[in-house]
Every structure is written in C-alpha cells, then in structure tokens.
Amino acid sequence: MVPGLEQYLILSAFIFSIGLFGAVTKRSAVVILICIEIMLAGVNIALVAFSRFITPVELTGQSFSVFVIVVAAAEVAVGLAIILALYRQRHTIDTDKIDLLKW
Amino acid sequence: MNNIPEQLIWMIPGLPLAAFVALFILVRSLKIRSNLNGYLAIAATAASFALSLWVAAGLFNAPAEHGITGFEWLNLGGILVIELGLTINPLTGIMLVVVTLVSLLVQIYSLGYMHGSKSLNRYFAFISLFTFAMLGLVMADNLLIMFMCWELVGLCSYLLIGFWYHRPAAAQAARKAFFITRIGDFGFLAAILLLFTSAGTLNVNDIHAAAIAGAVSSTVITWAALGIFMGAMGKSAQFPLHTWLPDAMEGPTPVSALIHAATMVASGVFLVGRMYPLFELSPTALSTVATIGAVTALFAGTIALVMHDIKKVLAYSTISQLGYMMLGLGLGDVAIALFHLFTHAFFKALLFMGAGSVNHSTGTFDMRKMGGLARLMPWTCATFVIGSLSLSGIWPLAGFFSKEEILNSALSNQPVLFAMALLTAFMTAFYMFRVVFLTFGGEYQSRLKPHESGKVMIIPMLVLAVLAVSAGWLNLTGRLTTILGHGHEQSWIYGFLGIFTHPLAWISLAVAGSGIFLAWAMYQKRWLSARKVAWTFRSAYTVFFHKYWIDELYEKYIGARLFNNGLFNLFNRFDAVVIDGTVNDVAGLNLKSSKAIRTLQNGRLTQYGLVFLFGIAAIALLVIFTG
Amino acid sequence: MGLQIAFWMLSAAAVIAAAGVVWQKNLFRAALLLVVCFLATAGIFVTLSADFLAAAQVIINVGAVAILIIMSIMLTREVTRGSPANRLGVPAFFLTGIVAAAIIFAVFKTSWPLSGDLPAEPTSSALAHLLLGAEGFELVIQMGALLLLATIIGAIVLLKENK
C-alpha cells in the first residue's frame with residue numbers, strides 16, 4: 001500500500017504529540033527546547049505532505065516549511081542564549097526551580 | 001385677621017432664626033462677648049411677639065383658618081410634594097402668643113439669672129433656635145415640617161438641659177431627655193408614615209379632610225392617633241414616658257421655665273389639639289388620652305407631695321398639669337385643654353422663675369435649707385404666692401377658670417376621671433403651699449445672706465404674675481374657648497360671678513382651700529408634724545418618695561436586664577455568630593479557595609504549559625463534539 | 001513498493017527517536033536521538049519528493065540546531081543531572097492523547113481536495129521561483145533574514161559578559 005496523505009498526517013500527529021508530551025513533562029529547559037524542535041519537525045512533515053498531495057506543482061506547503069525551519073532556527077538560537085544567560089545567573093535550568101513568574 | 005402682610009407672618013419664626021444664625025455664626029466668629037448677644041435675641045423675640053399679638057388679636061375678633069403657601073420644598077416625582085407653608089388658626093394664634101411672650105420674658109429674666117455665666121452667646125443662640133423651632137412647630141401646615149421642628153425643639157431641649165455639660169448630672173439628664181422623648185417620637189413618625197400611605201398627603205388640613213370624608217379607614221385613624229399621642233406622651237412627659245422631665249431640671253432654671261414648663265412640654269398637648277379631628281374619629285384614642293392624662297395627673301401629683309427639691313416639685317406639678325390638659329383633650333374638648341395650657345404657661349413659668357430667683361440668692365434648690373424668705377425677698381414671695389394660688393385654682397385667678405372647665409367636662413363625662421382630677425386638685429394645692437410655707441415661711445435655715453433679685457429678674461416675674469391673675473379673664477365671656485371650637489358666649493359678669501351658681505365651683509374651691517389649709521397647718525403652724533404624717537403613711541410615703549421606682553424599673557430592669565443583658569446580648573450574639581460568622585466564613589472560604597487556586601499559579605513553566613494543553617484539548621473536544 | 005518500505009521504516013525511526021528523546025534519561029543521548037529524528041524526517045521529506053527541504057533539514061537542523069543544542073548542554077553541564085521529568089506525567093499523557101486523537105479524528109473526518117498531479121522534480125528551482133519570484137514571498141523572505149539577524153544580535157547581547 002502506497003502511503004497516502006492520511007498516513008503522513010497520522011505520523012505527523014504522533015511525532016507532534018510526543019514532542020508536546022515531552023515539552024510539558026520535562027524539567028530541563030534544554031530538553032523542553034529539544035521537544036519543541038520535535039514538534040516542529042512533526043508540523044513540517046504535515047506541511048510537506050500537504051504540499052505533495054494537494055499542491056504537488058505549486059509547492060505552497062514546502063514554502064511554508066521553509067519559513068518554519070527559519071523560525072525554528074532563530075528560536076533555538078535565542079532560546080539557548082536565554083538558557084545560557086539563566087544558567088549563568090542561577091546555576092540551574094530546572095524549570096521547577098525557576099518560578100519567578102509567581103511574583 | 002387685620003390683613004397682616006404675609007411677609008410679616010413669615011417673620012414671626014424668621015426673626016428668632018435670624019437671631020440664632022447671627023448669634024451662632026456671626027457673633028461666634030467675631031468673638032463679641034457682651035450682653036449685646038442677649039439684647040439681640042430679645043429684640044428678635046420681642047418683634048416676633050408683637051407680630052404674634054397682632055395676629056392673635058385679629059383671630060380673636062374674627063376666628064378663621066388662614067393658609068399661607070410658601071414654596072415647594074421637595075418634590076419626589078409628584079408622589080411626595082412637600083410645600084413649606086404656614087397655617088394660622090385660633091389654635092396656633094394662642095400658641096404663638098404663649099411661646100413668644102414666655103420666650104421674651106424668660107430671655108429678659110436670663111439676663112439677670114445667667115449674668116456672669118460662661119458662653120452666654122451659646123445660651124441665647126439656643127434659646128433663639130428653640131423659639132424658632134417652637135414657632136415653626138406651631139405654624140407648620142404639614143406633618144413633615146412639623147416633625148422636623150418637633151425634633152428641633154427636642155434637640156434644643158437636649159442642648160439646653162446639658163448647657164452646663166461639664167456637670168455629669170446635666171449631661172446625663174440631657175441624654176435621658178433625648179432618649180426617652182425619642183421613644184415617643186418613634187410613634188409620631190410611624191403615625192406620619194401611616195397617614196401618608198393611607199391619605200397620600202402630609203398636609204394637616206388635607207389629612208383631616210380625608211379622614212372626615214371617610215377616605216381613611218377607622219383602624220388606620222385609631223393607630224395614627226395613638227402614634228401621635230405616643231409622640232405627645234414623650235414630649236409632654238406623660239406616664240410612663242415622664243421620667244426625663246424631673247431630671248431635666250438640671251438645666252438652667254430659665255430654660256426649665258421656658259421649655260420644660262410653658263412651651264415645649266405643652267407641644268404634645270398642642271399636637272394632639274392640632275390633629276384633633278383624627279382623635280374625634282377614634283373613641284379608642286380619645287379614651288386612651290383621657291385615661292393616660294388622668295393617671296398622669298394623679299400619679300405625678302402624689303410624687304410632688306414628698307419631693308424636697310423645689311424644682312422637682314414644680315417638675316412633677318408640670319407633669320401633673322399636662323396630664324390635666326391631656327384629660328381635657330381626651331374628654332372631647334380641645335378648647336378647655338388649650339385654655340389650661342394657656343393659663344398654665346404663665347403661672348408655671350412664673351413659679352419656675354420664682355424658684356430660680358430663690359436659687360439665685362440662696363444657691364440651693366433644697367427646701368429644707370430655706371425658709372423665712374418672705375421678709376428677705378418680698379417681690380419673689382408675692383409673685384410666687386400668686387402663681388401658687390393660680391395653680392391651686394383659687395378664684396378669681398387664671399388657674400381657677402381653666403381647671404374649672406376641665407373638671408366640669410370630666411364630671412359630665414367620666415365620673416371616675418373626675419374623682420381623680422379632683423384628688424389631683426387637692427394635692428396640687430397642698431404641695432404648692434407646702435413649697436410656699438417651707439420656702440418663704442418660718443425661719444431662715446442657712447447662714448448665707450439672701451437678697452432680693454435684681455429688677456431685670458423681678459419685672460418678668462411681675463408681668464407673669466399679672467398674667468397668672470388675669471389670663472383666665474380672657475375667657476370670661478367664653479370667647480377664647482369659642483374660637484377654639486367649643487364653648488358658648490356669655491356676658492362677662494356671668495362668667496366672673498355666675499360660675500358660682502354651679503356647685504362644682506364651690507367644690508373645687510373647697511378642695512383647693514382644704515389643701516392649702518392642710519399645708520398651712522402642717523408646715524406653717526406645725527400642728528401636725530410632717531414627719532409623723534409621713535411615718536403614719538410610711539408605705540405610701542416610701543412609694544411616692546422613690547417615684548414609684550419607675551426610674552429603677554427603667555434603668556435596672558428594662559434598661560439593664562431586658563435590653564442590655566437580654567435583647568442587646570442577643571443582638572450581640574447574633575452579630576458575633578450570624579453576621580460576623582457569615583462574614584468570617586465567607587472570608588475564610590475565600591482564603592481557603594484562594595490558597596487552593598494559588599497553587600495553580602506557582603510560576604512553574606511546565607505547569608502553565610499543562611494548563612495551556614488542557615485548554616487546547618478542551619477546545620478540540622468542544623469543536624469535535626459540537627460540530 | 002520501495003517507497004512504501006522506506007516510509008514505514010523512516011516513520012518507525014522518527015517515532016522511536018522522538019519517543020526516545022522523551023524517554024531517555026541521559027541528556028546527551030537525548031540530543032543525539034534528536035539528530036536521528038531530524039534525519040528520519042529528512043528521509044520522509046525525500047519520500048514526499050521534497051528534495052530541497054530534505055537537504056535544508058539536514059543542513060540546518062542536523063548540522064546547526066542539533067550542534068547548538070549539544071554545545072549548550074555541554075556548557076550548562078546539564079548532563080550530570082540527566083533529564084528529569086516533573087510530576088505532571090499522567091495528566092499530560094491523557095491530554096496529549098486527547099490532542100492526538102483529536103488531530104487523527106480531524107484527519108479522517110476531513111475530505112481532502114487531493115490532486116492527482118505528479119510532483120515537480122527537482123523542487124529547488126520551483127521553490128526559488130515561489131519564494132523569490134515576482135509573485136512570490138519575497139517580503140517574507142526579507143523578514144526572515146531580518147529575524148535571523150535580530151536573533152544573532154539578541155543572542156550576542158544576551159550572552160555578553162556583564163562588565
């Protein structure tokens with residue numbers, strides 16, 4: 001059976017959900033960032049799958065995917081910079097211990 | 001009514017008010033301290049008196065009801081429209097003269113009596129305010145304004161009883177007067193509201209018209225009349241709301257003469273007289289008035305028999321005489337009650353002034369420390385005796401005529417009440433002459449050298465003495481009672497002498513005479529030892545001397561036990577448990593729930609993420625299941 | 001047939017790698033599993049005829065992002081602490097399950113306007129036209145460039161030593 005759109009989207013949903021679960025349950029900020037990357041990868045799969053099966057010639061989905069990759073790269077760069085700055089100041093990146101938002 | 005311009009009628013209450021404002025605001029801020037204050041108040045009252053006399057003379061010749069419309073003061077959507085207006089009728093005419101005249105004389109007297117006293121300008125300001133309020137009460141044409149003035153005179157009474165507020169007894173008495181009259185005022189206010197809801201107006205004449213036309217149910221009329229009478233009981237110190245008046249004697253004596261003898265305490269009688277058409281429609285209310293009046297007259301008379309303080313005797317005498325007036329009202333006759341009010345105002349004010357004059361020179365009110373003052377204070381003695389004779393009802397003095405009318409009416413209507421009134425008359429004569437003989441007769445008891453009071457005090461007393469003799473003659477022809485609504489005109493000579501064709505006149509004279517004779521025998525000649533008599537009737541004496549323990553009943557049992565320990569304690573518990581409890585529980589619940597909710601906001605990123613996720617899941621489910 | 005086999009294998013690899021990232025206690029291994037996940041994703045892109053994106057995925061995500069993450073792990077010495085989980089596992093699992101179920105439900109519920117056309121190959125020039133052509137997304141590309149510039153400057157500012 002040749003994989004169709006549904007199979008790709010289900011794969012995308014699984015990867016996205018795994019990333020989501022990790023992002024909510026992990027305490028380490030770096031791991032949370034990694035999980036977000038996994039979520040974005042899942043999204044990219046969905047976008048490219050749409051591009052392949054719905055607009056195979058126009059490639060609209062792929063162009064969106066390009067932007068997602070760009071934004072993801074920027075996000076990782078800034079996110080990691082923030083994590084490093086935080087680590088310098090508080091010597092931890094455990095999100096359960098960084099609860100300044102309470103006040 | 002002589003075509004007096006309306007503006008001048010407005011000035012009758014307006015002038016004392018202006019004097020009050022001037023004294024209280026201007027003089028106070030300008031710090032002028034001299035007798036000028038007194039003269040200002042006296043001038044205003046004198047002008048007011050002259051105008052009142054003018055009005056009253058007009059009414060005496062041509063009795064009529066005049067309404068003077070003022071301006072609309074309050075308009076609540078057309079439902080409640082209060083117009084500030086005045087009413088002039090024979091009833092108010094008499095009251096105007098009494099109030100302004102007594103006020104004027106008292107103020108003149110005060111110049112002497114209060115001389116050298118501190119904060120005189122406060123004193124005269126309050127007297128002016130009182131005069132204004134009293135005149136407003138008398139002239140008001142609607143119940144709300146009347147009630148305001150009614151409260152205002154109560155306030156002035158409070159302020160003036162407590163004029164020497166640094167004396168604890170005075171402050172206490174002021175508070176007591178305020179509180180006890182408040183109980184009656186509650187009834188008055190309830191009656192006003194009741195009348196407003198059923199008659200739809202507060203205008204006195206409109207209410208009367210509605211009541212007579214049958215637009216108000218008889219139950220409402222009865223309750224309203226009883227409520228009004230309750231207010232009158234508080235103000236006029238009728239049993240069982242009388243206890244404040246003897247204590248009110250802590251105030252300056254001229255104040256007692258003005259407020260607690262002649263005018264304010266009589267305003268209860270006036271109020272019942274003013275609302276009389278309502279009472280006439282309710283036999284229940286009328287018999288209540290008559291009964292309370294007779295009981296009060298007798299009851300207060302017995303206490304007056306044994307008091308040692310001259311002002312206390314006069315105070316109980318006042319209560320007793322007010323009871324007489326109430327009896328007159330209850331017997332179905334406004335005219336005789338108002339006639340007695342009219343004469344009583346003069347001789348009772350005179351007696352108070354006499355007591356003040358005695359106090360001014362001896363420094364005491366205790367009769368056991370007086371005696372033999374007749375020689376030392378001849379003018380005071382003469383006027384006091386005239387006042388006493390008049391009060392005892394000796395022909396041809398004023399008190400005789402007015403009492404005679406009430407006794408006559410009682411005899412033909414209620415024999416039991418007549419007996420009580422006659423007994424009261426006997427006691428009145430006895431205790432008044434007990435005062436006379438103890439104070440002016442015998443030997444002087446103290447080492448102080450008393451002297452006659454100054455002219456400024458004697459002249460008002462002389463004026464009042466003349467009135468105490470002659471005020472009753474106004475009704476010799478029956479004119480006064482006729483313009484007040486009841487009565488028949490006759491020739492003056494018949495009024496003067498013809499009254500003796502009726503046996504009642506002889507009876508009452510005999511009763512008064514025997515009272516005087518008994519007092520003479522006991523306190524002047526000492527044929528009978530007062531102490532022995534007291535011992536013989538010791539149980540009665542004890543009861544009288546302790547004023548029937550009414551004060552104790554109020555303070556210890558009703559005040560302390562029933563209210564303080566019982567009711568207020570209950571309220572306190574209710575407050576603590578139910579109200580505070582509710583508030584505390586609500587607060588506690590909030591605290592607990594916020595503690596619970598606060599854990600949600602713990603600053604943990606992942607937890608926020610979870611909540612976010614929860615939201616997404618909820619929205620997803622919602623979208624799926626609702627289409 | 002070959003496509004089919006490739007899809008299932010790559011899918012399995014991607015899902016297992018992603019699950020491994022979440023499961024793995026060792027931080028460093030988690031980061032390496034991320035690389036595996038990225039590579040599998042790139043393979044999936046190939047099965048979808050997205051050759052340019054597959055290359056971009058390898059270069060950017062595997063080459064840059066993963067390296068950046070590994071470096072920051074080393075800089076923060078997080079390896080010693082591992083990858084601890086908080087106590088929200090159970091509710092998070094259920095909620096994530098609901099979200100996944102909702103997505104899958106939506107996938108099957110939606111009637112997709114499928115196109116029978118053969119995919120364009122190679123895609124790079126077509127994408128270039130789409131992104132930078134006269135009617136393409138040039139403005140967005142410019143904004144993307146600006147975003148990256150801002151990111152670089154922001155990262156430098158954030159990590160500059162405070163003197």
Side-chain angles (χ1 to χ4, degrees), chain B residues 76-77 79 193 562-627, chain C residues 14-15 17-31 33-34 37 65 68-70 72-73 75-113 151 154-155 158-159:
Chain B
L76 298 182
I79 301 165
L193 295 175
L562 182 65
F563 283 111
N564 215 0
N565 295 350
L567 207 54
F568 296 160
N569 204 6
L570 198 69
F571 289 163
N572 187 22
R573 288 250 187 92
F574 180 81
D575 197 51
V577 177
V578 180
I579 296 179
D580 284 3
T582 310
V583 173
N584 287 343
D585 284 355
V586 168
L589 197 68
N590 274 330
L591 203 66
K592 276 179 199 157
S593 58
S594 58
K595 251 181 196 165
I597 292 169
R598 198 169 62 182
T599 56
L600 285 179
Q601 177 149 5
N602 56 6
R604 289 186 187 160
L605 198 61
T606 48
Q607 194 151 348
Y608 293 176
L610 186 75
V611 174
F612 180 41
L613 182 56
F614 177 79
I616 294 171
I619 291 170
L621 288 178
L622 197 71
V623 170
I624 286 167
F625 283 111
T626 58
Chain C
V15 171
V21 168
V22 176
W23 184 260
Q24 187 52 254
K25 295 287 180 205
N26 187 317
L27 202 50
F28 193 73
R29 287 184 192 167
L33 280 172
L34 177 68
C37 183
V65 172
L68 203 58
I69 287 171
I70 289 167
S72 64
I73 287 171
L75 283 171
T76 56
R77 300 178 203 166
E78 277 294 293
V79 185
T80 53
R81 297 193 188 189
S83 169
N86 58 20
R87 285 169 298 172
L88 302 173
V90 176
F93 184 79
F94 277 107
L95 291 171
T96 329
I98 288 170
V99 172
I103 295 171
I104 291 165
F105 178 79
V107 166
F108 285 110
K109 197 77 177 165
T110 315
S111 57
W112 302 101
T151 309
L158 273 172
L159 294 178

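First the proteins, then the strands, lettered A, B, ... as listed; each starts at 1.
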Side chain, backbone, both or neither: which part of C:L95 has a heavy atom under 4.5 Å from chain B?
-> both

Heavy atoms of C:A92 and B:L610 approach each other most closely as CA-CD1, 3.5 Å

Atom group of B:L621 that falls short of 4.5 Å from chain C, counting heavy atoms | side chain

Counting only heavy atoms not in B:F568, do more than 12 fall under 6.0 Å of its CZ?
-> yes

Point-to-point distance, once rounded to the nearest 0.5 Å, from CD1 of C:I98 to CD1 of B:I616 | 12.0 Å

Neighbourhood of chain B inside residues 101-112 of chain C, taking heavy atoms under 4.5 Å as contact | C:A102, C:F105

